[in-house]
Amino acid sequence: MARHEPAAIRRREILSLMAAGALAASLPFPARAQTPNVAALKIGFIGAGREGGALGTLFAKAGHPVMFSSRHPETLTGLVNSAGPNAKAGTVEEAVAFGDVMFLVVPYTAVEQLGKDYGAAVAKKPLLVDVSNPIPRRDGEDFVKQVNEMGGAGVVTAKYFPGAKLVRGFNAIGFGKLEGDATKPDGKIGVPIAGDDKSAIELASALITQIGFVPVLVGDLAMGKYLVPGTPLAGEHTPDEIKHIVTTLKS
Ligand SMILES: NC(=O)c1ccc[n+]([C@@H]2O[C@H](COP(=O)([O-])OP(=O)(O)OC[C@H]3O[C@@H](n4cnc5c(N)ncnc54)[C@H](OP(=O)(O)O)[C@@H]3O)[C@@H](O)[C@H]2O)c1
């Protein structure tokens with residue numbers, strides 16, 4: 001895998017934020033102390049396929065009311081049953097109305113239209129976690145090239161969901177690994193996150209901590225371009241490994 005040149009300015013900014021504790025997401029996060037009501041948050045999922053279904057199940061089993069959504073919610077009965085009594089299914093519109101916070105877990109080609117349809121409602125919420133990725137083999141080489149030319153997935157989702165308190169996260173941990181990673185007995189797995197909004201980062205960090213992972217802030221939304229499959233940050237890493245990898249990336 002290609003190694004990238006260090007970006008001294010970006011790294012200094014991130015390290016100084018970490019040192020100052022201004023963005024606590026890279027540290028083992030005292031979630032309940034900083035966001036005492038996080039356990040009660042209702043979570044709406046736009047996209048409840050393999051990744052959205054697995055993530056929503058973790059949150060439902062951790063005690064959150066979760067609404068999975070689909071354009072055909074009647075297809076989600078099996079998922080709802082396996083996620084337990086905290087889970088239910090609805091339309092995308094219903095999930096957006098339901099969620100205190102939202103997760104976006106759809107093919108990236110759907111993001112622009114979803115932003116047009118639901119962006120205004122989502123912008124009123126304190127957090128949108130963007131798990132969606134532009135993937136050449138699914139979305140097409142030209143589409144992915146265009147997203148990258150526009151600044152990559154973090155910047156582009158922000159453009160399509162104007163005003164959303166956006167954090168990218170969970171983008172390159174496969175759905176089949178999530179449950180095992182969340183309950184891993186021998187050292188926690190880090191979840192690299194990127195965002196511009198401090199409160200949203202803190203909220204996302206608390207939620208990530210609650211289901212058994214360690215959030216690691218890698219930078220602003222421009223760094224969200226590295227939170228996709230096929231980059232050095234993809235896959236499962238310890239928090240320390242993620243912090244090291246970040247020092248090798250260009251902002
Ligand atoms: N699979 C993984 O391990 C993994 C890991 C990390 C990140 N991701 C990312 O997560 C996203 C979803 O991947 P996936 O593997 O979960 O895909 P998937 O199993 O195909 O599920 C896609 C979900 O998106 C919904 N969706 C698609 N088009 C939509 C639209 N126009 N409006 C509303 N909902 C729409 C589908 O709902 P309908 O029932 O309405 O079709 C379905 O719930 C992708 O961007 C992927 O790169 C995946």
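Keep in mind that what you see is a predicted model, and the values were worked out from it rather than measured. Read the numbers this way: they start at 1 and go in the same order the structure lists the ligands and their atoms.
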Could you pull out the N/O contacts under 3.5 angstrom between ligand 1 and the surrounding protein atoms?
| unit_1 | atom_1 | unit_2 | atom_2 | d |
| --- | --- | --- | --- | --- |
| ligand 1 | 3 (O) | Glu51 | OE1 | 3.3 |
| ligand 1 | 3 (O) | Phe175 | N | 2.8 |
| ligand 1 | 15 (O) | Arg50 | NE | 3.1 |
| ligand 1 | 15 (O) | Arg50 | NH2 | 2.9 |
| ligand 1 | 16 (O) | Arg50 | N | 3.2 |
| ligand 1 | 16 (O) | Glu51 | N | 2.9 |
| ligand 1 | 19 (O) | Arg50 | N | 2.9 |
| ligand 1 | 19 (O) | Arg50 | NE | 3.3 |
| ligand 1 | 28 (N) | Arg71 | NH2 | 3.3 |
| ligand 1 | 31 (N) | Arg71 | NH1 | 3.4 |
| ligand 1 | 39 (O) | Ser70 | OG | 2.5 |
| ligand 1 | 40 (O) | Ser70 | OG | 3.4 |
| ligand 1 | 40 (O) | Arg71 | N | 2.8 |
| ligand 1 | 40 (O) | Arg71 | NE | 2.8 |
| ligand 1 | 41 (O) | Arg71 | NH2 | 2.8 |
| ligand 1 | 43 (O) | Ala48 | N | 2.8 |
| ligand 1 | 43 (O) | Gly49 | N | 3.2 |
| ligand 1 | 45 (O) | Val106 | O | 2.7 |
| ligand 1 | 45 (O) | Asn133 | N | 2.9 |
| ligand 1 | 45 (O) | Arg138 | NH2 | 3.4 |
| ligand 1 | 47 (O) | Asn133 | ND2 | 3.2 |
| ligand 1 | 47 (O) | Arg138 | NH1 | 3.4 |

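For Lys159, there are no salt bridge (charged side-chain N to carboxylate O under 4.0 Å, His left out) partners, not counting sequence neighbours. Residues forming a side-chain contact (heavy atoms from CB on, under 4.5 Å) with Ser199 (at least two apart in sequence, or on another chain): Asp197.
By the 4.5 Å side-chain criterion applied to Ile, Leu, Val, Met, Phe, Trp and Tyr, Phe98 is assigned to a cluster that also includes Met67.
In the hydrophobic cluster analysis, where Ile, Leu, Val, Met, Phe, Trp and Tyr join through side-chain heavy atoms closer than 4.5 angstrom, Leu217 is grouped together with Leu207.
Within a 6.0 Å sphere centred on CD of Glu179, other residues, nucleotides and ligands contribute 12 heavy atoms or fewer.
Relative orientation of the Phe170 and Phe213 rings is perpendicular, given thresholds of 30° and 60° on the angle between their planes.
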